Engineer: 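Take a look at the following structure, please.
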Amino acid sequence: MKKNFILSVLMVVGGMTASAQTYLNPNAPVEERVKDALGRMTTHEKIKLLHAQSKFTSAGVPRLGIRQLNMDDGPHGVREELEWNTWSPARWTNDSIVAFPSLTCLASTWNRDLSQAYGNAVSEEFAFRGKDIMLGPGVNIQRTPLNGRAFEYMGEDPFLAGEMVVPYIQSAQKNGVACCLKHFVLNDQETDRFGVNVNISERAMNEIYLAPFKRAVEKANVWTIMGSYNMWKGVHCCHNDELLNGILKKDWGWDGALVSDWGGTTNTMEAAMGGLDIEMGTYTDGKTKESDFGYDDYYLGNAFEKLIKEGKVPMSVLDEKASRVLRTIFRTAMNPQKVIGNQCSEAHYDVCRQIGEEGIVLLKNEKNILPLDIAKYKKYSNILVVGENATRSLTQGGGSSELKTLHDDSPLDALKRRYETMIDYAQGYYSGRAMYDHVDKLDPVKQAELKAEALEKAKSCDLIIFIGGLNKNTRQDCENGDRESYDLPYGQNELIAELAKIQKNIVVVTFGGNPYAMPWLKDVAGVVHCWYLGSEAGKSLVNVLSGVVNPSGKLPVTFAQKYEDYPYVKFGAEAYPGVNKQVYYKEDIFVGYRHFATNNVKPLFPFGYGLSYTTFAYGKPTVEKTGDAVTVSVTVTNTGKVAGKEVAQVYVTYPQMEQARPVKELKAFAKTPLLDPGESETLRMTIPMDDLAVYDEEGRGWDIAEGMYTFSVGTNVNDIKGKADVQIDM
Ligand code: BGC
């Protein structure tokens with residue numbers, strides 16, 4: 001009797017404790033935890049949630065046992081630890097990680113399963129490092145090939161970027177790590193990024209620039225989003241009421257937390273009322289040194305608390321922001337399903353290597369110079385490798401995405417392992433240090449000596465593999481500045497042209513997040529573009545060069561023959577990079593291939609392009625309209641001699657409309673599994689009717705036009721293998 005009494009008292013107390021502290025009950029629904037926690041907090045504690053307490057953390061509520069949020073860049077791996085209050089490395093000895101390939105490379109795979117694997121692996125590294133939010137991925141549109149950060153994004157097409165980012169986010173968040181999708185929105189250039197105001201039509205804004213973000217919100221419910229530095233309609237995007245409260249939170253129904261870019265907040269009232277939830281990285285505000293500026297001095301710190309206390313901003317605004325932050329904490333830091341993760345596991349290196357192998361794009365392969373199967377190509381007894389990127393660490397530099405890796409496999413090392421004693425090397429050029437906001441002055445004498453050495457060695461080799469391209473130096477693929485030219489830097493064009501005169505068997509391999517001009521294209525036998533491949537660069541590249549892997553990457557951007565061919569260039573500086581910090585997107589929705597295909601401008605390599613070591617035949621496509629979707633089916637057969645994968649791409653041509661439309665727009669794609677010679681696969685690609693809607697500026701909404709639609713199935717935007725029409729009536 002007594003025993004039972006004690007037991008029931010314990011149960012009541014236990015029960016009371018559990019219900020009284022719902023926010024600590026990991027099994028309670030997140031919304032109940034949020035409500036309960038909020039009800040226990042003081043105004044000051046709520047304010048504390050809304051801004052940084054160090055370079056990369058924001059506070060929790062220690063008194064209540066609510067954890068802080070640990071954030072880190074992103075997006076290709078976990079950034080090294082920095083000091084609590086400065087940008088200096090903390091010099092930890094346990095924070096070396098795997099660098100995964102750049103997001104451009106992931107987009108180039110056109111393989112949703114690899115995106116899922118990427119999100120899973122990278123978030124496991126974040127989790128193991130104790131992080132709750134990874135600052136990435138990025139889906140800004142590659143409007144210009146000069147964009148210093150294009151390598152962190154997923155190309156020029158909103159559908160491809162949106163489709164490829166969704167599995168990444170889903171798998172990362174399944175592990176209890178929030179993605180922070182960036183940079184919302186229109187951060188499409190680095191020149192004047194802190195203040196440029198983007199002038200754009202509503203149609204282009206909705207159909208092109210917002211579209212991948214919207215997909216990530218609707219299909220993956222991304223938990224956090226980072227505002228961008230630039231302005232839209234004269235207001236900074238980190239606290240732009242129309243953009244954040246209007247479009248993102250109200251129209252799209254997004255329930256996550258909006259994180260500012262580091263130093264992207266400029267005004268307390270705007271930050272309070274304009275939809276910002278967590279302010280990070282602020283320290284200017286008239287103070288001369290970072291250390292003069294305390295975290296309570298943030299715009300959403302003391303100054304915001306004063307507005308609340310004086311009744312100038314209603315408590316509901318503070319509660320709304322605090323709820324969004326609490327929701328993020330319960331989804332991540334206090335999520336019972338959050339994984340422990342691991343760092344530098346074999347599985348992660350495998351994912352890294354595979355994404356690299358499938359993202360590499362074979363652009364030219366004259367007389368089948370590739371693959372360099374050593375057993376078959378015995379004649380290459382003396383291979384000369386030329387170029388700085390054969391040995392340079394391309395995980396260094398670039399800005400916030402720089403990584404400290406446990407190990408990097410360089411192309412030269414991997415080539416030496418595969419081809420043993422046959423490899424000689426000449427650097428050919430040099431580029432200086434990869435330092436943020438600093439460009440080394442290069443010595444022309446040293447440059448000439450390196451070139452002369454390479455040309456001399458070229459005379460006695462049988463094959464040249466040139467390994468160059470861009471790098472992560474300032475004014476190349478690096479944050480806070482765009483490239484200065486569409487050409488390859490450091491004299492590479494001249495060097496390649498001269499090498500090609502000496503040796504016709506020359507394969508040019510380039511790294512870089514952007515397209516570039518190839519004035520020497522007709523003089524070289526092969527061209528391979530690698531984006532950035534991360535820690536397993538050497539293995540991925542050599543597996544493709546040697547034929548262990550058959551390339552299947554397809555360009556997520558158009559390579560123009562010359563810079564002037566990009567759609568905005570003819571509109572002058574107003575269209576890029578802007579005049580007096582005003583930039584006008586005058587090409588409107590005709591970005592990338594939408595312009596090249598519609599205006600018949602012949603690219604060097606079209607969007608969606610990429611060669612294989614085998615060939616594929618396409619059957620006649622069929623289109624079926626069922627309910628609220630259209631399904632396009634096509635059979636792809638491997639007609640060559642080696643196994644390979646192919647990406648079928650579906651482009652729609654709309655019925656005649658009042659407003660000009662591109663002649664082709666990507667609406668579906670699918671990648672075959674590895675097909676053996678002679679093997680076929682029927683791909684079925686379903687396009688929900690909503691994906692066919694176009695933005696109507698007058699009605700300020702989405703419309704589905706009635707009429708005859710053409711669905712073209714191709715191996716790239718310019719190589720259409722078959723078409724089928726379907727009438728759409730609503
Ligand atoms: C970048 C962000 C980055 C942040 C923190 C900013 O300069 O624009 O992408 O996440 O720094 O490093």
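For reference, positions follow the sequence shown, starting with 1. Just so you know, ligand 1 is whichever comes first in the structure, and atom 1 is the first atom listed for that ligand. The structure presented is a predicted model; accordingly, all values stated were derived computationally and were not measured.
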Engineer: Could you work out, with side-chain hydrogen bond (donor to acceptor under 3.5 Å, both in side chains) as the rule, every residue matching T558, not counting sequence neighbours?
Structural biologist: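 For T558 the side-chain hydrogen bond (donor to acceptor under 3.5 Å, both in side chains) partners, ignoring immediate neighbours, are E156.
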
Engineer: Quick one: are D132 and K338 in side-chain contact, heavy atoms under 4.5 Å?
Structural biologist: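 Yes; the side chains approach each other to less than 4.5 Å.
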
Engineer: Is it true that the side chains of Y568 and T144 contain a donor and an acceptor less than 3.5 Å apart?
Structural biologist: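 Side chains of Y568 and T144: pair found under 3.5 Å.
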
Engineer: Please tabulate, line by line, the atom pairs linking an N/O of ligand 1 to a protein N/O at a distance below 3.5 Å, with the distance in Å to 0.1, or answer 'none'.
Structural biologist:
residue: ligand 1; atom: 7 (O); partner: Y229; partner atom: OH; Å: 2.9
residue: ligand 1; atom: 7 (O); partner: E479; partner atom: OE2; Å: 2.7
residue: ligand 1; atom: 8 (O); partner: R149; partner atom: NH1; Å: 2.8
residue: ligand 1; atom: 8 (O); partner: R193; partner atom: NH1; Å: 3.3
residue: ligand 1; atom: 8 (O); partner: D261; partner atom: OD1; Å: 3.3
residue: ligand 1; atom: 8 (O); partner: D261; partner atom: OD2; Å: 2.7
residue: ligand 1; atom: 8 (O); partner: E479; partner atom: OE2; Å: 3.4
residue: ligand 1; atom: 9 (O); partner: R149; partner atom: NH1; Å: 3.3
residue: ligand 1; atom: 9 (O); partner: R149; partner atom: NH2; Å: 2.9
residue: ligand 1; atom: 9 (O); partner: K182; partner atom: NZ; Å: 3.0
residue: ligand 1; atom: 9 (O); partner: H183; partner atom: NE2; Å: 2.7
residue: ligand 1; atom: 10 (O); partner: D73; partner atom: OD1; Å: 2.6
residue: ligand 1; atom: 10 (O); partner: K182; partner atom: NZ; Å: 3.1
residue: ligand 1; atom: 12 (O); partner: D73; partner atom: OD2; Å: 2.5
residue: ligand 1; atom: 12 (O); partner: R79; partner atom: NH1; Å: 3.1

Engineer: Who are the side-chain hydrogen bond (donor to acceptor under 3.5 Å, both in side chains) partners of T268, not counting sequence neighbours?
Structural biologist: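 Partners of T268 by the side-chain hydrogen bond (donor to acceptor under 3.5 Å, both in side chains) criterion come out as none, since no residue qualifies.
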
Engineer: Show every salt bridge (charged side-chain N to carboxylate O under 4.0 Å, His left out) that has at least one partner inside residues 265-278, sequence neighbours left out.
Structural biologist: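 Sorted result for residues 265-278: K249-D277.
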
Engineer: In terms of side-chain geometry, is the basic nitrogen of E402 or R79 positioned less than 4.0 Å from the acidic oxygen of its partner?
Structural biologist: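 No, no charged N to carboxylate O under 4.0 Å.
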
